[in-house]
Amino acid sequence: MTLQQLSYSLDTFYLLISAVLVMWMAAGFSMLEAGLVRSKNTTEILVKNIMLYAVACTCYLLLGYQLMYGQPELTDYAPAADFFFQVVFVATAMSIVSGAVAERMKLNSFLLFCVVLTAVIYPVQGSWSWGGGFLESAGFSDFAGSGIVHMAGAAAALAGVLLLGPRRGKYGKDGQIYAIPGANMPLAALGTLILWMGWFGFNGGSQLQLSGTENAQIVAQIFVNTNAAAACGAITAFLVMRILWRKADLTMILNGALAGLVAITAEPGEPTAQVACLIGVGAGLLVVFSILALDRLRLDDPVGAISVHGVAGLYGLLVVPLSSADATLSAQLLGAGAIFGWVFGASLIVWLILKVTFGIRVHADEEYQGSDVSDCGVEAYPEFTPSKQN
Amino acid sequence: MTLQQLSYSLDTFYLLISAVLVMWMAAGFSMLEAGLVRSKNTTEILVKNIMLYAVACTCYLLLGYQLMYGQPELTDYAPAADFFFQVVFVATAMSIVSGAVAERMKLNSFLLFCVVLTAVIYPVQGSWSWGGGFLESAGFSDFAGSGIVHMAGAAAALAGVLLLGPRRGKYGKDGQIYAIPGANMPLAALGTLILWMGWFGFNGGSQLQLSGTENAQIVAQIFVNTNAAAACGAITAFLVMRILWRKADLTMILNGALAGLVAITAEPGEPTAQVACLIGVGAGLLVVFSILALDRLRLDDPVGAISVHGVAGLYGLLVVPLSSADATLSAQLLGAGAIFGWVFGASLIVWLILKVTFGIRVHADEEYQGSDVSDCGVEAYPEFTPSKQN
Amino acid sequence: MTLQQLSYSLDTFYLLISAVLVMWMAAGFSMLEAGLVRSKNTTEILVKNIMLYAVACTCYLLLGYQLMYGQPELTDYAPAADFFFQVVFVATAMSIVSGAVAERMKLNSFLLFCVVLTAVIYPVQGSWSWGGGFLESAGFSDFAGSGIVHMAGAAAALAGVLLLGPRRGKYGKDGQIYAIPGANMPLAALGTLILWMGWFGFNGGSQLQLSGTENAQIVAQIFVNTNAAAACGAITAFLVMRILWRKADLTMILNGALAGLVAITAEPGEPTAQVACLIGVGAGLLVVFSILALDRLRLDDPVGAISVHGVAGLYGLLVVPLSSADATLSAQLLGAGAIFGWVFGASLIVWLILKVTFGIRVHADEEYQGSDVSDCGVEAYPEFTPSKQN
Amino acid sequence: MRLIIAIIKPAKLADVRDALSDVGCNGMTVSEVKGFGRQKGLDELYRGTKYRAEFIPKMRLDIAVTAEQCDNVVHAIKDAAYTGNTGDGKVFVLKLEHAVRIRTDETNHDAI
Amino acid sequence: MRLIIAIIKPAKLADVRDALSDVGCNGMTVSEVKGFGRQKGLDELYRGTKYRAEFIPKMRLDIAVTAEQCDNVVHAIKDAAYTGNTGDGKVFVLKLEHAVRIRTDETNHDAI
Amino acid sequence: MRLIIAIIKPAKLADVRDALSDVGCNGMTVSEVKGFGRQKGLDELYRGTKYRAEFIPKMRLDIAVTAEQCDNVVHAIKDAAYTGNTGDGKVFVLKLEHAVRIRTDETNHDAI
Ligand SMILES: Nc1ncnc2c1ncn2[C@@H]1O[C@H](COP(=O)(O)OP(=O)(O)O)[C@@H](O)[C@H]1O
Ligand SMILES: Nc1ncnc2c1ncn2[C@@H]1O[C@H](COP(=O)(O)OP(=O)(O)O)[C@@H](O)[C@H]1O
Ligand SMILES: Nc1ncnc2c1ncn2[C@@H]1O[C@H](COP(=O)(O)OP(=O)(O)O)[C@@H](O)[C@H]1O
């Protein structure tokens, strides 16, 4: 065996383990969303999450990967490991959508959209930067995908939410906003912790190579920064809510942590840990006010996906120049605009086509009664009758 | 330090991490089964799952490993890592049993059976192939254990189910089949995602060596194929149920994913990803119809373990020759027959002895009221009164 | 690339993955505690767990690490990886506290205590041994932290519990002890399995280096021993409860497994697997009787944290000399005494200051009604009305 | 005095509450019940086996009123709970002998 | 008319339903209740501390019937709910003044 | 005979039970209900939006007693359930025509 072969093995292993951590994020999204919807829609959101992962993996295998990367020549690690690492990223992007359109989107239309997003929409914009396209040439810098994965997912979600409208009973005629609490807080917390864990693979693996002192040091720094940004995002959201409303709002804390993670994703290796903390603080602040603002705009996002992944993702892109000498604000803005424009526009068209053909919104009766019984045939907690009906 | 030593370290680490992922499958089975039984038997199924893992690890340490492998001379990685990787496999086999006999099997008898299976029954058949016995010589090929682990577990489960009979209220006098929905769908989904994650260790680790370009490439391919088969199993089960009954049946989707995982386990490295997809499709089809058929035969298997691990396991063994040049159908049939015959026969005898001595079935009153209170002393959700009583 | 660099990369990766497993223990503690408290305090315990992790990571980053290790010169792996591995240990220590004081401690005071413990109290005693201080010179041996992490956490918890008093309704006027069952057994089981999994990183990573045959063999042995001790701890607790009360008490089995893990942590590499089993048996015995005894002493510890981490931690320290030639009982006693004395004393003072300033106990009304609504604004399971009110 | 027991669809609870408020009746006690009647439950499907939830979730309102209020209140409930579909529910009226408000010891009319 | 309140064991609900059906009574409202009485709960054990669930889960049936049906229905319930063990439950009968079917505005006998 | 319906605070259930025991009344049926009345629910906050749980969890006790026992029992409940704050609840008394103990076929006074 040669040193080269051993480093090949190590880098392959590092990519595979990172990818497994990202795959695990599918469970994180599932639990987070299952915790934040009402019990009557819980089975359905679980079906959506598992199916979207399965569909995304299949579509990206059959088409998306080639579209995004062509036939890359990879000599430092196994090509299959590269594919596996990339495929779990697509699933992440699509998971963002499921949360935002929860509790009112038709399952079949959702899955059809998933096919298009993962086979075409996502890979096309991915090819512009990670695939060596024009955004890369323009100097756009998005290390692990604050924009390419998270903001892209949020853009697709936003297009869906605009066409779908809010859940019944979410907004009153005279501008009232009604709370619709999720049914299971421990699941929401578990989901967030799973995502937090998986993010080490998401960001840490995006270095793509571990061998060599410098690579190893960058990967280690990424782990530290990822953790620091999440921690500070959570603390900030906690403090803001505590000051504004005197309550320790669990779901906002969870969103704060996730916003920190999304924001650091654009450049997790270069900042010092202290700067990563500050980036997390900014994300925690932003996400709380973004969630409050979207509610004012009557954009109903049951899990806060658009704020967490879209707003914090954009913010993450824009602060890259602060810690990375190579990045410029103009390139970041160009990239953000291009990604958002493409994904939002293309998604809007696909959602529109779905809307006029199969329809995207469940029937009002079904929405009242919950999709679990009507579409999935079984309630999530069939032995427990919910005591509050919305 | 020499290159040899470093590759020794890397391979040891790779085995250990793979083993941790397989150990994690114990949580997957626990959650899956806790989600699919009724709330009144949930604490008991958790006790069974945790205790079976503990007992399996201890029995295999004290006896089983020696029986299966003797004192293997391992020079490429730490012997302790090999043991740890093997021990978590035994626990997996036994976990399969707990699901199939759930909600009616006496806890003590179950644990006594667990001792015999993990100390003797499993290791004996394991030695025939992985231990270098007659099945290996005969050309039987079961890379990571579709037959040796999964079908073996299902055979033991089947023997138990036959002697135990169905849950009260599952089948009517005139051939009716009654649905007994599980109490907690999010747990079932979480359990499946945990198993999906753990399977990368299960299959990926079974290459046993990572060092060297070729090993690394095979391991990476295993990850890709494992994921692809699971995804296509889930999609297939979804489509079948959607077409047959118009419902997106969550638990069938979960079973479909697991069946894909079981089926690819016999040869996860050789097929292309596209072939792995097809293997998953077949598994997804098979598992749905197997579950429906077993119900017709009045074989009550609350979690579908016999279909998922037994039927899809056998199918996995039989399709190995399609992708692997070395394997023959006759050798596969011989292996499947030998494993099934031995495990089923030996288990039947042990279950029979337990039946006439301690008894294997809980008292009818206890079954009605649930094992949680009578045997474990505490309900799973003591503050929530189930609203539907079976 | 040189061999040196590759080993640097491998060791860094090994530390990072180990650290991720330890980070994951934050989810384990969260779920365990969320399962063992009543539903009315579940959101609050989730907030505490997530916030304590975030606060611990931030405080240790800004101050604690320097206090404990200064500016260590690390040449074999990335310094950032070392920091990340150490930081997740602090969070573990603090998690122990949250369980013991659950259901009655004010959230804000808890978090203030968290700041002091993780920035100062823990690092100071950590520096005595792992930081190369006087305990190391004295020959005190605590490989992965039975004392430095677990008993330290338990000492801080004990000080809090003494000042806080038991939950209302836990003890009667005439010495009665009332059971207050936790609300969600599957979460408790899941939490324990997460901790079990994470512990492989906790103990396995504490070797700090994987490269080299010997290191790899020790790490592998640690994995085997960690697993064996946990398994035997669980089995022992099961048998004791079965014999004493005829019930298979799930939560005691979980505590038994955790006690086995805590006990083996002081020296997980040297014993044979059989000896590790025996250490687990001892821990399983101890923890059951310790839990029963603390209840007699009216020290209310809803999750058994003091018994699991304190009593089993001390026991783990004291049995090190049995398997390790270098360790002496007197050095172990000195270390245990120093750690306990410092952490208990310092914590008591901090708790006292908090008690007279902000107060540490929630108002009686709030305790009756649960902290979820009053302090967090949302119930954990808002759609499900608990049917038994304590 | 009368005790009115109304069995209504859960979705109508808010409307009925408002209607009762309008006729000056602010106190009531609500419980979740399961109704058996003409209206049948939905088919559900679990692992390929159909099953039907036989009972339908309903809300039961218990309202103590004075004899004079009674007709008004029954009317208000009827109007607010009406959808025209099976399962709209029933209103039952019983004689109430005696009522006490625990906090004040007031009885009968004053207690309601 | 009468309002029959029956407290029965949960396991007997299906039998009682069928028996009521046989005597021509298809409507009823069921709720989950907790019974205190002669029958005592089971001992449970949590972390080494025994505790007893004092109350026993029961089902409460509220059935509005005509005066003529009443005896028949009470009999049917008694027979179907009987096991002979403590905790079989009670049947209470109240006078029902008035009944309305919300959907149709039918009253009294027609409404039941 | 009388049927006493008491709506009380959940926290008072144990006290009321003991008080009833003291006046020789050991049987009762309890259900969880939601009360609407003068007492208002707590403000909750979810993701920055305030909401108020309008109803308050209460316990409903149904107790069948003989006419002679009735006053005693009502008194006992009133005393035990009293806190002096809004939301203490109500006691309603209805006439009970007939009672049967399913296990023994005893009726009326013997059945209670
Ligand atoms: N005889 C009865 N006694 C008590 N409750 C009844 C009776 N009949 C009907 N109900 C209640 O009224 C509800 C509605 O009755 P149903 O027959 O389904 O429709 P409708 O009121 O339109 O005739 C039932 O679900 C049940 O709760
Ligand atoms: N006086 C009563 N008032 C209301 N409900 C009662 C009364 N006595 C008994 N019950 C109800 O009847 C159920 C059965 O009564 P119990 O005394 O346990 O057995 P049995 O009916 O065999 O005498 C109790 O659980 C309770 O719900
Ligand atoms: N008219 C009524 N009919 C039925 N139940 C009532 C009525 N008024 C009040 N209640 C019940 O009594 C409970 C207490 O009443 P509330 O007005 O809140 O306080 P108070 O009893 O101190 O006046 C309510 O929550 C409700 O369950």
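Just so it is clear, the structure is predicted and the values come from calculations on it, not from any experiment. Proteins come first, then strands; the chains are lettered A, B, ... in the order of their sequence lines, and each starts at number 1.
Contacts of B:L15 with chain C are absent, with no heavy-atom separation under 4.5 Å from either backbone or side chain. Residue B:M51 touches chain C through its side chain alone, counting heavy-atom pairs closer than 4.5 Å. For chain B, the nearby part of C:F200 is the side chain; its heavy atoms alone come within less than 4.5 Å. With a 4.5 angstrom heavy-atom cutoff, C:L250 touches chain B via backbone and side-chain atoms both.
Annotation: maximal heavy-atom pairing with chain B below 4.5 Å, among C:C277, C:S7, C:G280, occurs at C:S7. Heavy-atom pairs under 4.5 Å with chain B peak, among C:V224, C:L10, C:N184, C:N227, at C:N227. In terms of heavy-atom pairs under 4.5 angstrom with chain C, the leader among B:I45, B:T12, B:L46 is B:L46.
Here the CD atom belonging to C:Q221 is positioned 9.5 Å from the CZ atom belonging to B:F83, to the nearest 0.5 angstrom. Note: B:L61 CG to C:Q274 CD = 5.0 Å, rounded to the nearest 0.5 Å. Here the OG1 atom belonging to C:T213 is positioned 14.5 Å from the OH atom belonging to B:Y77, to the nearest 0.5 angstrom.
When the heavy atoms of residues 16-31 of chain C are compared with those of chain B, the residues falling under 4.5 Å are C:I17, C:L21, C:W24, listed by number. When the heavy atoms of residues 230-246 of chain C are compared with those of chain B, the residues falling under 4.5 Å are C:A231, C:C232, C:A234, C:I235, C:F238, C:R242, C:R246, listed by number. Residues of residues 186-199 of chain B having a heavy atom under 4.5 Å from any heavy atom of chain C, listed by number: B:L187, B:L190, B:I194.
Closest approach of C:S39 and B:E383 over heavy atoms only: OG-OE1, 2.7 Å. For the pair C:A248 and B:V47, the tightest heavy-atom approach, listed with the atom from each and the gap, is O-CG2, 3.9 Å.
A distance of 6.0 Å or more separates the ring centres of B:Y381 and C:F384.
Applying the side chain to side chain contact (heavy atoms under 4.5 Å, CB included) criterion to C:T2, with sequence neighbours excluded, gives C:Q4, C:Q5.
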| field | Derivation and outcome, side-chain contact (heavy atoms from CB on, under 4.5 Å), residues C:L254 and B:I50 | value | CA-CA 8 Å; C:L254 302 178; B:I50 289 176; 3.2 Å; yes

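The backbone N or O of B:L6 lies less than 3.5 Å from no partner atom in the side chain of C:S211, so there is not a single donor-acceptor pair. C:K247 places a side-chain N or O within donor-acceptor distance of the main-chain N or O of B:S374, the cut-off being under 3.5 Å.
Other residues, nucleotides and ligands place no more than 12 heavy atoms under 6.0 Å from the CD atom of C:E214.
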